Amino acid sequence: MPADHRSEPVGLRERGHHAATGSTTGAATAFAQPNIALVKYWGKRDERLVLPHSSSLSLTLDIFPTTTTVRLDPAAGTDAVTLGGEPAAGEPRRRVVAFLDLVRDLAGRTEPAVVDTRNTVPTGAGLASSASGFAALAVASAAAYGLDLDATALSRLARRGSGSAARSILGGFAVWHAGEGTGAAGDLASYAEPVPVSGLDPALVIALVDAGPKAVSSRAAMRRTVDTSPLYRAWADSSGADLPDMLAALRRGDLDAVGEIAERNALGMHATMLAARPAVRYLSPATLEVLDGVLQLRRDGVPAYATMDAGPNVKVLCHRTDAGRVAEVVGAAGRCPAVVARPGPGARLWTGDEP
Ligand code: PMV
């Protein structure tokens with residue numbers, strides 16, 4: 001993997017001075033990118049602390065950044081949250097305010113904030129907008145409220161907003177440790193860290209089958225799966241066994257092994273959902289057409305492996321040099337746009353040097 005895409009933890013820089021506003025305290029802007037899990041997170045053992053049943057592993061992408069600015073507003077009576085320039089309401093606003101409450105608790109502060117978030121990825125379509133969203137919010141709000149957190153602490157914090165956000169704090173490949181226990185001990189033990197990788201130059205081709213919001217949130221679908229699916233325990237156990245195999249395959253730079261593990265892990269996760277009562281089905285006919293395209297690529301000698309999240313879109317892992325061909329085939333199979341992503345950086349503060 002090229003050096004600039006290595007999993008570098010990017011903590012808080014520029015503490016006490018944020019180029020976003022030029023002020024000495026109280027405002028910060030952060031960027032974060034989505035990550036796609038190759039060993040999935042599906043199911044919480046503690047809903048309040050967002051502690052997962054099993055560890056997961058992902059690749060942070062170089063596309064679809066979220067930009068979030070947090071500015072403290074001591075004169076305001078309440079937090080003001082905008083999403084894509086529009087005032088947020090209902091559940092999205094509630095989740096941001098709950099997250100700010102957590103940051104204020106940690107910082108021993110009380111001031112309300114103005115939060116402006118801009119996603120370049122469709123929200124709620126299983127394209128990990130909550131991962132980039134809460135990773136950017138964690139970095140920006142921690143800085144704005146004067147918390148000095150390293151990447152591990154930021155990962156724990158981002159986890160509380162959305163589990164998968166714990167991994168977008170890091171660039172490249174990252175493993176999110178489930179940890180053990182509940183309460184403070186469980187919280188401390190559950191964070192993401194970079195994964196050593198050698199000799200891989202991967203791409204992830206995203207077949208955008210449907211960019212509309214999903215019918216069932218991943219939060220609700222996860223809960224229903226854990227509570228009602230007779231297949232859940234079996235998948236969580238086999239996912240636990242997939243992780244060491246995945247780590248070994250990444251260390252060897254073995255794309256075929258990485259892809260095979262990722263594909264079986266994702267299909268198993270969807271099987272647990274299909275067995276939930278009532279069933280949760282994110283996969284659509286176009287998803288299956290794309291999966292056929294991926295099989296055809298393999299028959300034609302192109303290593304390509306699929307993974308799907310809480311939505312019908314398909315992400316296809318391949319060698320960077322095959323990405324053009326893979327995008328062509330899966331785009332045609334799903335009659336949809338296909339976007340090529342590469343490993344990207346972790347969440348970071350805006351320092352004023354970026355374009
Ligand atoms: O972080 P959440 O609550 O949006 O859950 C995401 C779960 C999956 O995307 C389906 C899998 C994963 O590990 O990212």
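Computed over heavy atoms, backbone and side chain alike; hydrogens, waters and symmetry mates excluded. Each ligand, and each atom within it, is numbered from 1 in the order the structure gives. Remember, predicted model here, so these are calculated numbers, not experimental data.
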Begin with the C-alpha distance, continue with both residues' side-chain angles, and end with the deciding distance and a verdict on side chain to side chain donor-acceptor pair (under 3.5 Å) for Trp176 and Ser190. CA-CA 7 Å; Trp176 170 20; Ser190 191; 3.0 Å; yes
Nearest protein heavy-atom contact for [atom]: which residue, which atom, what distance?
| atom | result |
| --- | --- |
| atom 2 (P) of ligand 1 | Ser162 OG, 3.5 Å |
| atom 8 (C) of ligand 1 | Asp309 OD1, 3.7 Å |
| atom 5 (O) of ligand 1 | Met222 CE, 3.3 Å |

N/O to N/O below 3.5 Å, does that happen between [X] and ligand 1?
| X | result |
| --- | --- |
| Arg219 | no |
| Lys40 | no |
| Arg167 | yes |
| Tyr41 | yes |

Which atoms from ligand 1 have a heavy atom of [X] less than 4.0 Å away?
| X | result |
| --- | --- |
| Ser130 | 4 (O) |
| Ser218 | 2 (P), 3 (O), 4 (O), 5 (O) |
| Ala37 | 12 (C), 13 (O), 14 (O) |

Are the charged groups of [X] and [Y] less than 4.0 angstrom apart, N to O?
| X | Y | result |
| --- | --- | --- |
| Arg224 | Asp227 | no |
| Asp116 | Arg118 | yes |
| Arg160 | Asp101 | no |

Which distance, rounded to the nearest 0.5 Å, do you find between the CG of Leu255 and the CG of Asp201? 10.0 Å
Can you tell me how far NE2 of His177 sits from OH of Tyr191, rounded to the nearest 0.5 angstrom? 5.0 Å
If we set the cut-off at 4.0 Å for heavy atoms, which region of Ser164 has an atom near ligand 1: side chain, backbone, both, or neither? both
Does Arg342 reach the main-chain N or O of Pro202 with its side chain, forming a donor-acceptor pair under 3.5 Å? yes
Ala131: heavy atom below 4.0 Å from ligand 1, yes or no? no
Is there a continuous path of hydrophobic side-chain contacts, each under 4.5 Å between heavy atoms, that joins Leu72 to Leu149? yes
